K.L.:
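Below you will find the structure I want to go over with you.
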Protein chains: 2
Amino acid sequence: MREVAAHAGVSVGTVSHVVNRSQKVSEDTIAKVSRSIDALGFVRNAAARQLRSGRSSSLGLVVLDTANPFFASVAHGAREACDEAGLSLLIGDSGTEEARESKYLDLFAEQRVNGLLVTPSGADLSKLEGIASRGTPVMLVDREAGGYSLSSVTVDNAAGGRMALDHLIAGGCAKPAFVGGPFTLPQVSDRARGARERAAESDLDMAVFETGELTILAGRSIGERIVSLPEEARPDAVFCANDLLAVGFMQAVIMFSALRIPEDLALIGYDDIDYAFSAIVPLTSIRQPADLLGRTAVESLLAENASGEQIHRDEKFTPELVVRQSTRAV
Amino acid sequence: MREVAAHAGVSVGTVSHVVNRSQKVSEDTIAKVSRSIDALGFVRNAAARQLRSGRSSSLGLVVLDTANPFFASVAHGAREACDEAGLSLLIGDSGTEEARESKYLDLFAEQRVNGLLVTPSGADLSKLEGIASRGTPVMLVDREAGGYSLSSVTVDNAAGGRMALDHLIAGGCAKPAFVGGPFTLPQVSDRARGARERAAESDLDMAVFETGELTILAGRSIGERIVSLPEEARPDAVFCANDLLAVGFMQAVIMFSALRIPEDLALIGYDDIDYAFSAIVPLTSIRQPADLLGRTAVESLLAENASGEQIHRDEKFTPELVVRQSTRAV
DNA sequence: TTGTAAGCGTTATCAT
DNA sequence: ATGATAACGCTTACAA
């Protein structure tokens with residue numbers, strides 16, 4: 001910048017003002033300085049800029065798995081909202097590991113982000129609470145605050161679980177099962193709880209098969225296990241904690257058994273990702289407004305930030321049943 | 001940091017040394033300073049750090065579409081390689097728009113990233129060449145340098161196109177068609193070119209249907225158009241420029257026609273995303289090593305950076321045919 | 001409308 | 001092993 005100033009024959013302060021339009025500068029000077037900037041290929045230094053101004057104009061987002069289309073959509077919605085607000089979004093992928101989550105939190109803290117959007121991996125949110133209390137706004141995404149003093153944007157998982165079982169039972173299912181994990185994730189345990197409650201209302205037991213993660217691969221391997229069970233032990237309807245599991249489950253059914261979906265085994269997923277529609281047997285699912293979740297998280301964070309309030313809010317969306325072939329006509 | 005120094009009764013230089021392990025400090029002092037850091041909740045300021053040291057320890061990646069599983073995998077591979085090298089990765093999504101790409105490039109330039117990985121949206125790479133010539137290493141990802149003086153990591157698209165048609169023709173197809181776009185993307189036009197060449201070798205014409213983008217939605221709408229063509233004008237095999245298009249195309253075939261895949265219409269995609277396997281009719285595809293592409297891009301960039309060389313290299317992977325039901329037995 | 005100059009919070013070079 | 005101190009490149013009062 002000093003070089004630009006020298007080249008244009010003005011002071012650094014003036015250069016700064018033309019770069020930032022922060023003060024009235026004469027047309028002539030603007031032209032002169034602009035020419036020097038181009039000639040020298042000057043690019044302003046974000047580090048110096050941020051250090052001096054104290055502002056960072058960025059938000060941090062930490063999700064469980066960027067390869068999961070649900071979180072890809074959340075990130076997409078958040079990015080759009082950030083773009084509109086002139087902020088840049090830093091994205092971290094915790095892989096459902098607290099250590100990696102913590103690493104990104106530290107990284108973002110060092111960057112002095114204006115706010116943090118987090119889907120926590122573990123149960124202990126005290127680190128986040130600490131960050132929030134030290135002045136960085138924190139918004140939980142797809143996770144309720146529980147006893148912690150934090151704001152959140154969520155979708156009602158228990159309601160979703162109830163919807164899924166309601167639909168399965170209405171279709172005539174007698175031996176429902178739940179597939180998902182880890183149960184330390186409230187997203188998983190709440191869906192299971194809602195489902196179990198609804199099953200109990202119809203005097204049905206719901207078997208539970210726990211997986212280590214929410215991926216296609218995990219779905220496929222638990223599917224292999226379930227289709228090889230003797231008929232009397234096999235469920236007649238399976239509710240998967242997300243669509244990736246359901247897609248993998250379906251692969252296993254088709255590869256390793258002669259069971260028909262939905263006649264022998266009904267299948268319902270969760271999230272309604274784009275591919276649910278295109279599955280071998282189009283997949284019934286519980287749709288979540290993922291994009292909106294990300295967008296709302298950013299907007300709420302910004303609103304809270306602007307108002308300077310310390311009041312924590314919980315925004316909760318309701319999911320929606322999307323019926324397709326994988327559960328039709330049992 | 002000054003506060004920490006005062007609290008611990010040492011100088012700021014010493015605090016810096018314990019934070020960075022950059023010089024020998026006595027055990028006692030380390031303990032004392034660490035206690036003060038915890039007590040005051042000190043977090044080092046990345047901006048000041050970078051400003052003073054001149055180092056940024058981050059890489060920038062700009063891809064065409066983060067919602068596309070292919071690029072999600074590329075980003076995943078790149079992130080892993082960055083993690084291993086102790087770098088953080090900034091990701092930008094250009095949405096195949098040059099203006100957005102340019103915006104991210106400027107943003108990353110201001111951040112003084114140590115290197116840039118880019119899948120360009122347009123044909124003019126002079127901006128990237130300029131950046132590279134000004135000292136920031138640039139690596140093209142999934143795009144060749146053409147006449148520009150830039151390094152690249154790619155997968156052979158023309159070979160992939162040839163493979164696709166070879167397979168279709170071996171299956172007895174007589175009226176092949178290509179679906180994809182925009183053709184300004186070399187990934188698309190090279191696949192089409194390879195396919196057309198192979199078709200010509202068998203004295204076959206290949207119809208071309210251009211789409212505006214490479215999404216499920218675009219595939220569905222072009223699919224609607226194609227299945228409603230009179231039989232004599234309708235292709236008997238369709239090669240889609242990527243799997244998203246193919247998935248959407250398949251949706252249209254099933255919703256809006258009675259045509260069977262592959263008996264009436266064979267379908268082949270490109271990328272072999274996870275969902276190809278689970279499509280209504282499992283999708284034949286040309287597999288690209290997406291993860292490896294991202295990883296290699298980072299590693300090559302770092303290697304080039306370390307060696308301080310200006311020699312540009314082109315690494316080219318070869319794709320692989322994965323046969324599934326959508327083309328089997330015509 | 002433009003110039004001057006004091007920091008922002010670190011790191012790194014010298015002394016001590 | 002520790003301390004003092006000069007930058008790093010910019011923003012922003014304030015002065016001219």
Side-chain angles (χ1 to χ4, degrees), chain A residues 1-37 40-58 86 88 106-114 134-136, chain B residues 1-37 40-58 86 88 106-114 134-136:
Chain A
M1 193 147 156
R2 218 165 27 223
E3 286 178 40
V4 173
H7 185 274
V10 298
S11 75
V12 288
T14 302
V15 175
S16 175
H17 283 131
V18 348
V19 169
N20 301 300
R21 301 151 176 60
S22 48
Q23 200 183 97
K24 204 104 192 73
V25 179
S26 80
E27 289 296 335
D28 282 4
T29 320
I30 291 180
K32 209 164 49 181
V33 171
S34 303
R35 235 176 295 122
S36 301
I37 287 175
L40 274 59
F42 167 75
V43 177
R44 66 184 198 260
N45 183 317
R49 190 181 164 67
Q50 182 184 324
L51 175 58
R52 173 58 234 227
S53 69
R55 291 182 295 262
S56 84
S57 70
S58 64
S88 54
D106 292 342
L107 192 68
F108 292 163
E110 291 188 5
Q111 315 277 5
R112 301 290 190 268
V113 294
N114 292 333
R134 261 176 257 112
T136 303
Chain B
M1 194 148 153
R2 220 168 23 226
E3 285 178 41
V4 174
H7 185 274
V10 297
S11 74
V12 287
T14 302
V15 175
S16 177
H17 283 131
V18 346
V19 169
N20 301 300
R21 300 150 177 62
S22 49
Q23 199 183 98
K24 204 105 193 69
V25 179
S26 80
E27 290 296 336
D28 282 4
T29 322
I30 290 180
K32 208 166 48 181
V33 171
S34 303
R35 233 176 297 122
S36 300
I37 286 175
L40 274 59
F42 167 75
V43 177
R44 68 184 196 264
N45 183 317
R49 193 179 162 69
Q50 180 184 326
L51 173 59
R52 173 58 232 222
S53 70
R55 288 183 297 261
S56 82
S57 72
S58 64
S88 53
D106 292 342
L107 191 68
F108 292 162
E110 291 187 4
Q111 315 276 7
R112 299 291 190 268
V113 294
N114 292 333
R134 260 175 256 114
T136 302

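A quick note: this is a predicted structure, and the numbers were derived from the prediction, not measured. Scope of the values below: all heavy atoms of this structure, side chains included, with no hydrogens, waters or symmetry mates. Sequence lines set the chain letters: A, B, ... in the order given, protein chains first and strands last, and positions in each chain run from 1.
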K.L.:
What integer distance in Å separates Arg44(A):CZ from dT11(D):P?
P.N.:
7 Å
K.L.:
Taking only N and O in the side chain of Asn45(B), is any of them less than 4.0 Å away from OP1 or OP2 of dC8(C)?
P.N.:
no
K.L.:
Using a 4.5 Å cut-off on heavy atoms from C-beta on, say whether the side chain of Arg44(A) contacts that of Asn20(A).
P.N.:
yes
K.L.:
Do the non-hydrogen side-chain atoms of Val15(A) and Arg2(A) ever get within less than 4.5 Å of each other?
P.N.:
no
K.L.:
Atom CD of Gln50(B) to atom P of dA12(C): distance rounded to whole Å?
P.N.:
13 Å
K.L.:
Does OP1 or OP2 of dT12(D) have a side-chain N or O of Ser22(A) closer than 4.0 Å?
P.N.:
no
K.L.:
Taking donor-acceptor contacts at under 3.5 Å, does the side chain of Arg52(B) reach the base of dT11(C)?
P.N.:
yes
K.L.:
Calculate the interatomic distance between Arg49(B) atom CZ and dG9(D) atom C1'; express it in whole Å.
P.N.:
18 Å
K.L.:
Using whole Å, what does the distance between atom C1' of nucleotide dC8(C) and atom CD of Glu110(A) come to?
P.N.:
17 Å
K.L.:
Have a look at Val33(A) and say if it touches a base, only the backbone sugar-phosphate, or nothing, with a 4.0 Å heavy-atom cut-off.
P.N.:
nothing
K.L.:
Contact between Val18(B) and Val10(B) at the side-chain level, heavy atoms closer than 4.5 Å - yes or no?
P.N.:
no
K.L.:
Given dT11(C), dT4(C), dT2(D), identify the nucleotide with an atom nearest to the side chain of Ser11(A).
P.N.:
dT4(C)
K.L.:
Regarding His17(A), tell me which of base, sugar-phosphate or nothing describes its non-hydrogen contacts under 4.0 Å with the strands shown.
P.N.:
base
K.L.:
Nearest to the side chain of Leu51(B) - dG9(D), dA5(C), dG3(C)?
P.N.:
dG9(D)
K.L.:
Are Gln111(A) and Ser56(A) side-chain neighbours, meaning at least one heavy-atom pair lies under 4.5 Å?
P.N.:
no
K.L.:
Once you apply a heavy-atom cut-off of 4.0 Å, does Ser16(B) come out as touching a base, just sugar-phosphate, or nothing?
P.N.:
base
K.L.:
If you look at every strand shown and take non-hydrogen atoms under 4.0 Å, does Arg55(B) touch a base, only sugar-phosphate, or nothing?
P.N.:
sugar-phosphate
K.L.:
Within the 4.5 Å heavy-atom criterion, are Phe108(A) and Thr136(A) side-chain neighbours or not?
P.N.:
no
K.L.:
How many whole angstroms separate atom CG of Asn20(A) from atom P of dG9(D)?
P.N.:
17 Å
K.L.:
Which is true for Gln23(B) with a 4.0 Å heavy-atom rule: it touches a base, it touches only sugar-phosphate, or it touches nothing?
P.N.:
base
K.L.:
Roughly how many Å is it from CZ in Arg21(A) to C1' in dT1(C), rounded to a whole number?
P.N.:
17 Å
K.L.:
When you check the phosphate oxygens OP1 and OP2 of dT2(C), does a side-chain N or O of Thr29(A) lie under 4.0 Å from one of them?
P.N.:
yes
K.L.:
Please determine whether a side-chain nitrogen or oxygen atom of Arg2(A) lies at a distance below 4.0 Å from atom OP1 or OP2 of dC10(D).
P.N.:
no
K.L.:
Can you see which heavy atom on Ala48(B) is nearest to which on Asn45(B), and at what distance?
P.N.:
N-OD1, 3.1 Å
K.L.:
Please check the phosphate of dG3(C) (OP1 and OP2 only) for any side-chain N or O of Thr14(A) closer than 4.0 Å.
P.N.:
yes
K.L.:
Tell me which of Arg112(B) and Ile30(B) sits closer to the 5' end of DNA chain D, going by the nucleotide each one is nearest to.
P.N.:
Ile30(B)
K.L.:
Output the rounded distance in Å from CD1 (Ile37(B)) to P (dT10(C)).
P.N.:
10 Å
K.L.:
Among the nucleotides dA1(D), dT11(D), dT10(C), which one has an atom lying closest to any side-chain atom of Met1(B)?
P.N.:
dT10(C)
K.L.:
OP1 or OP2 of dT11(C) versus the side-chain N and O atoms of Ser53(B): is any pair under 4.0 Å?
P.N.:
no
